[in-house]
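Side chains are part of it too, since the values below use all heavy atoms of this structure and drop only hydrogens, waters and symmetry mates. Because the structure is a prediction, the values reported are computed rather than measured. Positions are given from 1, in the same order as the sequence printed here.
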Amino acid sequence: MKKLHIIGLLVIAAAITIIISTAGDASSYVNFVQAESLAKNGESDAVHVVGKLKKDPQGQIVGMNYQPQVDPNHFEFTLVDNDNRIEKVVYRAPKPQDFDRSEQIVVIGSMQGDHFQADKILLKCPSKYQDGKLEEKTYEAAKTAQL
């Protein structure tokens with residue numbers, strides 16, 4: 001077997017390994033009802049839930065709790081999914097910058113008891129440079145060891 005064939009086989013093996021490892025990380029988009037059902041069935045895989053912040057008639061955000069002087073890595077807010085189900089979301093990291101300005105939010109995580117535990121948050125905010133366009137930003141909570 002020539003060296004070129006061996007190198008070709010190694011490249012193909014590396015490509016297959018990369019494809020398999022990225023496919024295993026994929027999660028699905030669900031609503032809060034489906035996320036709760038998956039959690040009750042023992043599914044621990046992370047899911048994506050798309051929604052908007054809950055706001056009062058004056059446009060003020062309702063249900064947001066962030067007290068950095070008490071715990072800078074604990075942020076709670078209320079999210080309304082695309083099926084209008086309201087759920088409390090807990091994010092164990094600092095409040096993302098421009099969170100209040102976001103038009104749409106994608107939380108990635110799983111249901112845990114009475115709330116959705118977000119490991120990652122994707123924000124779609126209005127672009128400050130182009131009218132009518134949305135910027136997308138990703139924030140991820142630091143992984144902590146569980147005892």
Side-chain angles (χ1 to χ4, degrees), residues 7-68 70-147:
I7 292 172
L9 288 173
L10 290 175
V11 169
I12 291 171
I16 290 172
T17 303
I18 290 170
I19 290 170
I20 290 172
S21 66
T22 56
D25 191 29
S27 63
S28 58
Y29 282 82
V30 298
N31 57 28
F32 282 128
V33 172
Q34 294 166 324
E36 187 173 40
S37 175
L38 289 170
K40 285 182 180 174
N41 292 333
E43 295 281 336
S44 62
D45 294 339
V47 294
H48 292 68
V49 178
V50 180
K52 295 181 178 182
L53 291 172
K54 183 179 178 187
K55 295 182 179 179
D56 65 12
Q58 287 78 34
Q60 299 297 315
I61 298 171
V62 175
M64 186 166 62
N65 182 18
Y66 182 59
Q67 298 175 337
V70 176
D71 185 0
N73 291 321
H74 184 88
F75 175 49
E76 292 179 11
F77 59 96
T78 304
L79 190 72
V80 181
D81 71 6
N82 290 338
D83 292 336
N84 291 324
R85 178 170 167 171
I86 298 169
E87 198 69 49
K88 181 172 84 174
V89 177
V90 175
Y91 181 58
R92 303 230 184 260
K95 179 182 164 188
Q97 185 178 5
D98 295 334
F99 185 83
D100 301 345
R101 293 180 43 225
S102 62
E103 301 261 332
Q104 188 176 37
I105 297 173
V106 179
V107 289
I108 303 168
S110 60
M111 290 296 293
Q112 292 185 2
D114 65 340
H115 68 276
F116 187 88
Q117 182 69 45
D119 300 324
K120 191 184 270 189
I121 295 177
L122 306 174
L123 300 177
K124 292 189 177 182
C125 302
S127 174
K128 51 186 157 184
Y129 302 109
Q130 298 176 345
D131 289 335
K133 289 205 168 196
L134 295 178
E135 280 183 89
E136 193 169 300
K137 297 179 181 177
T138 303
Y139 298 91
E140 186 168 349
K143 300 282 182 191
T144 57
Q146 294 185 357
L147 301 175

Using the side chain to side chain contact (heavy atoms under 4.5 Å, CB included) rule, take Ile61 and Phe77 through it: C-alpha gap first, then chi angles, then the decisive distance, then the call.
CA-CA 9 Å; Ile61 298 171; Phe77 59 96; over 6 Å; no
Note, [X] side chain near [Y] side chain (heavy atom, < 4.5 Å):
X      : Y      : answer
Met111 : Leu38  : no
Val47  : Gln34  : no
Arg92  : His74  : yes
Lys95  : Asp100 : yes
Asn82  : Asn31  : no
Gln67  : Asn65  : yes
Ile86  : Lys54  : yes

Given 3.5 Å as the limit, does a donor-acceptor pair link the side chain of [X] with the main chain of [Y], or not?
X     : Y     : value
Tyr66 : Pro72 : yes
Asp81 : Phe32 : yes
Glu36 : Val33 : no

Minimum heavy-atom separation for [X] to [Y], with atom names?
X      : Y      : result
Glu87  : Asp114 : OE2-O, 3.3 Å
Gln117 : Val90  : NE2-O, 3.4 Å
Pro94  : Asn73  : CD-OD1, 3.2 Å
Val89  : Ala118 : CG1-CB, 3.8 Å

Spacing of [atom1] belonging to [X] relative to [atom2] belonging to [Y], to within rounding of 0.5 Å:
X      : Y      : atom1 : atom2 : value
Arg85  : Leu79  : CZ    : CG    : 11.5 Å
Ile108 : Tyr29  : CD1   : OH    : 6.5 Å
Lys124 : Ser102 : NZ    : OG    : 11.5 Å
Gln104 : Lys52  : CD    : NZ    : 6.5 Å

Can you establish whether the number of heavy atoms outside Glu43 located under 6.0 Å from its atom CD is more than 12?
yes
Under the criterion ring-ring contact (aromatic ring centres under 6.0 Å, His included), which of Tyr139, Tyr91, Phe75 is the partner of Phe99?
Phe75
Begin with the C-alpha distance, continue with both residues' side-chain angles, and end with the deciding distance and a verdict on side chain to side chain contact (heavy atoms under 4.5 Å, CB included) for Thr78 and Leu53.
CA-CA 6 Å; Thr78 304; Leu53 291 172; over 6 Å; no
